[in-house]
A.B. asks: 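Quick one: the structure is below, and I'll ask about it shortly.
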Number of protein chains: 2
Amino acid sequence: MAHTHPTDHQTCQSCANRFNSVFCKAKEEYVNLINEQKVCNIYKKGQTLFNEGSNPFGVFCINDGKVKLSHQGDDGKEQITRLLKQGDVLGYRALLSGERYSASAVALEDTQICFIPKDLFISVLKQDAGLAFEMMKLLSDELHKAELKITHLAQKPIRERLAETLLFIKETYGFEEDGITLNVRLSREEIANLVGTATESAIRLLSDFKKDGMVELDGKKIKILKHKELVRTANLQD
Amino acid sequence: MAHTHPTDHQTCQSCANRFNSVFCKAKEEYVNLINEQKVCNIYKKGQTLFNEGSNPFGVFCINDGKVKLSHQGDDGKEQITRLLKQGDVLGYRALLSGERYSASAVALEDTQICFIPKDLFISVLKQDAGLAFEMMKLLSDELHKAELKITHLAQKPIRERLAETLLFIKETYGFEEDGITLNVRLSREEIANLVGTATESAIRLLSDFKKDGMVELDGKKIKILKHKELVRTANLQD
DNA sequence: GTCAGGACATGATTTTTATCATATTTTAAA
DNA sequence: TTTAAAATATGATAAAAATCATGTCCTGAC
């Protein structure tokens with residue numbers, strides 16, 4: 001947690017995500033409580049919020065920026081399981097099941113993050129049934145997404161999965177002002193670790209997509225040129 | 001829901017799973033409420049509890065028996081995501097996130113199941129913070145398992161995944177009285193749909209395992225002969 | 001019992017994917 | 001700016017896995 005810098009002490013009430021984040025669905029008194037006890041920091045690109053295997057000490061709420069959540073495979077290969085953006089909460093999984101973190105969280109760009117200590121999180125959750133319900137909803141949604149991903153990993157070829165991943169990145173982070181460039185910089189290796197394939201395979205297929213005119217590649221900038229064809233390539237029907 | 005037969009109206013208080021199931025961690029008054037409103041039935045082997053795509057009407061609690069939970073892939077291929085046993089609860093995922101069922105549940109053998117209507121489930125959950133917390137724990141555990149499975153599907157070869165699956169079946173259902181025969185009958189296709197591979201591949205690798213002396217195959221009966229070697233084959237370290 | 005359909009098994013082949021090798025380009029540090 | 005290291009790209013090859021084909025075995029209906 002070294003090298004993080006405190007941000008201006010913004011209130012939850014004025015936070016840009018006060019209508020998106022689960023936390024903001026807590027009762028007003030608890031939002032106030034969270035507001036008092038939270039700690040805000042800026043994580044530079046590449047900095048780690050928490051590491052797989054360490055003990056959870058609280059939950060994080062992204063104020064602005066992007067974070068990846070990834071698991072370490074047995075051979076050390078990274079598997080990215082989630083991409084998070086402003087308003088998203090992370091670190092609750094391990095905390096709720098009383099285990100160590102099963103994933104690592106790393107900032108994909110300079111990111112402002114509020115930290116809510118473990119005890120506060122648990123106590124608010126135990127008192128505020130509404131928030132608890134929202135939390136269950138969140139967990140259920142994540143579980144749904146995970147089970148969908150399991151099915152796709154098991155049944156779809158890599159070409160389809162790459163197309164799907166590009167669309168997923170678009171859904172998550174959207175486009176830049178030009179309306180076609182994916183609004184995040186990921187390395188080819190990270191894309192591969194999101195798709196679940198070898199880096200070379202991801203690179204090769206991206207080149208194919210480029211040849212087919214579906215995408216344009218400019219370093220880490222990826223432009224989606226033919227959205228519909230990408231959807232067709234992803235072979236989505238659910 | 002045709003062809004189900006009511007069981008003796010057993011009380012939750014006398015239920016064999018009263019120490020295992022999440023529901024039994026509710027406050028006593030709510031357990032009583034559930035006890036009054038639940039409906040118990042027997043599902044014959046192969047019968048469906050609910051279907052992917054239909055609207056959830058409540059949650060199910062397995063009194064005795066075995067159930068598989070599976071998703072339909074885009075090409076219609078089944079992907080089994082969970083194996084459930086006595087004390088396990090199912091059908092809550094869709095209910096909590098307010099969607100249709102994203103999976104189908106089918107009895108793997110004659111199974112006694114209690115059904116708790118949607119409204120009761122939701123209202124108890126909203127009033128009993130302890131139960132809500134247990135539910136979050138359950139969801140968190142499932143999410144953890146799902147993310148582990150994602151990593152393994154993405155990174156492990158099929159041989160390792162099959163070994164892992166056999167160990168998973170053992171963990172879930174245990175052995176018969178002889179201490180070596182897996183206590184469930186699954187078709188080769190179901191095993192393949194659990195591993196995430198083609199049926200022929202699963203059959204072939206099971207034959208390999210047999211040649212290696214790790215398992216013995218007798219129709220749908222699978223005996224684990226060399227547990228340690230199977231663990232080594234699964235290449236587990238987490 | 002016997003007969004048909006499905007499950008299981010196994011060989012042959014093709015397809016997919018990973019790995020290895022090697023440029024080329026980009027990036028970041030000195 | 002130079003330079004080394006890392007990232008990207010692409011070809012060649014090997015390995016893994018799916019598919020196709022065929023035969024056998026098992027099981028339940030009659």
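This structure is a prediction, so every number in the text was calculated from the model and none was measured. Order of the sequence lines sets the chain letters (A, B, ...), proteins ahead of strands, with each chain counted from 1.
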A.B. asks: Sequence neighbours excluded and cut-off under 3.5 Å, please list the side-chain donor-acceptor pairs for residues 200-221 of chain B, or say none.
C.D. replies:
unit_1, atom_1, unit_2, atom_2, d
S207(B), OG, I203(B), O, 3.1
D212(B), OD2, R159(B), NH2, 3.2

A.B. asks: Can you give me the dot-bracket string for DNA chain C, 5' to 3', counting Watson-Crick and G-U wobble pairs with both distances under 3.5 Å, using [ ] for crossing pairs and | for partners on another strand?
C.D. replies: ||||||||||||||||||||||||||||||
A.B. asks: Does a nitrogen or oxygen in the side chain of S207(A) sit under 4.0 Å from OP1 or OP2 of dT10(D)?
C.D. replies: yes
A.B. asks: Under the salt bridge (Lys or Arg N to Asp or Glu O under 4.0 Å) test, which residues partner E52(B), sequence neighbours left out?
C.D. replies: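 Testing E52(B) for salt bridge (Lys or Arg N to Asp or Glu O under 4.0 Å), a comparison that skips the adjacent residues, returns none.
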A.B. asks: Can you pull the contact range of chain A along DNA chain C, 5' to 3', using atoms under 4.0 angstrom from its heavy atoms?
C.D. replies: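 So the contact region on DNA chain C extends dT17(C) to dC20(C).
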A.B. asks: Tell me: CG of N193(A) to P of dA7(D), nearest whole Å?
C.D. replies: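 Rounded to the whole Å, the gap is 12 Å.
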A.B. asks: Okay, side chain of S97(B), backbone of D141(A): is any donor-acceptor separation there less than 3.5 Å?
C.D. replies: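 Side chain of S97(B) to backbone of D141(A): no pair is present.
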A.B. asks: Suppose we screen for salt bridge (Lys or Arg N to Asp or Glu O under 4.0 Å). Which residues come up paired with D75(B), at least two apart in sequence or across chains?
C.D. replies: none
A.B. asks: Send over the distance from I203(B) CD1 to dT24(D) P, rounded to a whole Å.
C.D. replies: 16 Å
A.B. asks: For R161(B), give me all partners under salt bridge (Lys or Arg N to Asp or Glu O under 4.0 Å), at least two apart in sequence or on another chain.
C.D. replies: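 Scan of R161(B) (salt bridge (Lys or Arg N to Asp or Glu O under 4.0 Å), adjacent residues dropped) gives none.
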A.B. asks: Checking F50(A) now: which residues fulfil ring pair (Phe, Tyr, Trp, His ring centres under 6.0 Å) with it, not counting sequence neighbours?
C.D. replies: F60(A), Y101(A)
A.B. asks: Mind jotting down which residue pairs meet the salt bridge (charged side-chain N to carboxylate O under 4.0 Å, His left out) criterion with at least one end in residues 94-106 of chain A? Sequence neighbours excluded, please.
C.D. replies: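 Pairs touching residues 94-106 of chain A that pass the test: R93(A)-E99(A).
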A.B. asks: According to salt bridge (Lys or Arg N to Asp or Glu O under 4.0 Å), who are the partners of K68(B), at least two apart in sequence or on a separate chain?
C.D. replies: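 If we apply the salt bridge (Lys or Arg N to Asp or Glu O under 4.0 Å) test to K68(B), skipping adjacent residues, the hits are E78(B), E190(B).
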A.B. asks: Pairs in or reaching into residues 165-176 of chain A: which pass side-chain hydrogen bond (donor to acceptor under 3.5 Å, both in side chains), with residues at least two apart or in two chains?
C.D. replies: K170(A)-H227(A), E176(A)-R185(A)
A.B. asks: Run the side-chain contact (heavy atoms from CB on, under 4.5 Å) test against T151(A) and tell me which residues pass, sequence neighbours left out.
C.D. replies: Q155(A), H71(B), Q79(B)
A.B. asks: Please encode protein proximity along nucleotides 11-20 of chain D as a string of B, S and -, counting only heavy-atom distances under 4.0 Å.
C.D. replies: BB----SSBB
A.B. asks: Taking only side-chain N and O atoms of K220(A), does any of them lie within less than 4.0 angstrom of OP1 or OP2 on dT8(D)?
C.D. replies: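 For K220(A), the contact criterion (side-chain N or O under 4.0 Å from OP1 or OP2 of dT8(D)) is met.
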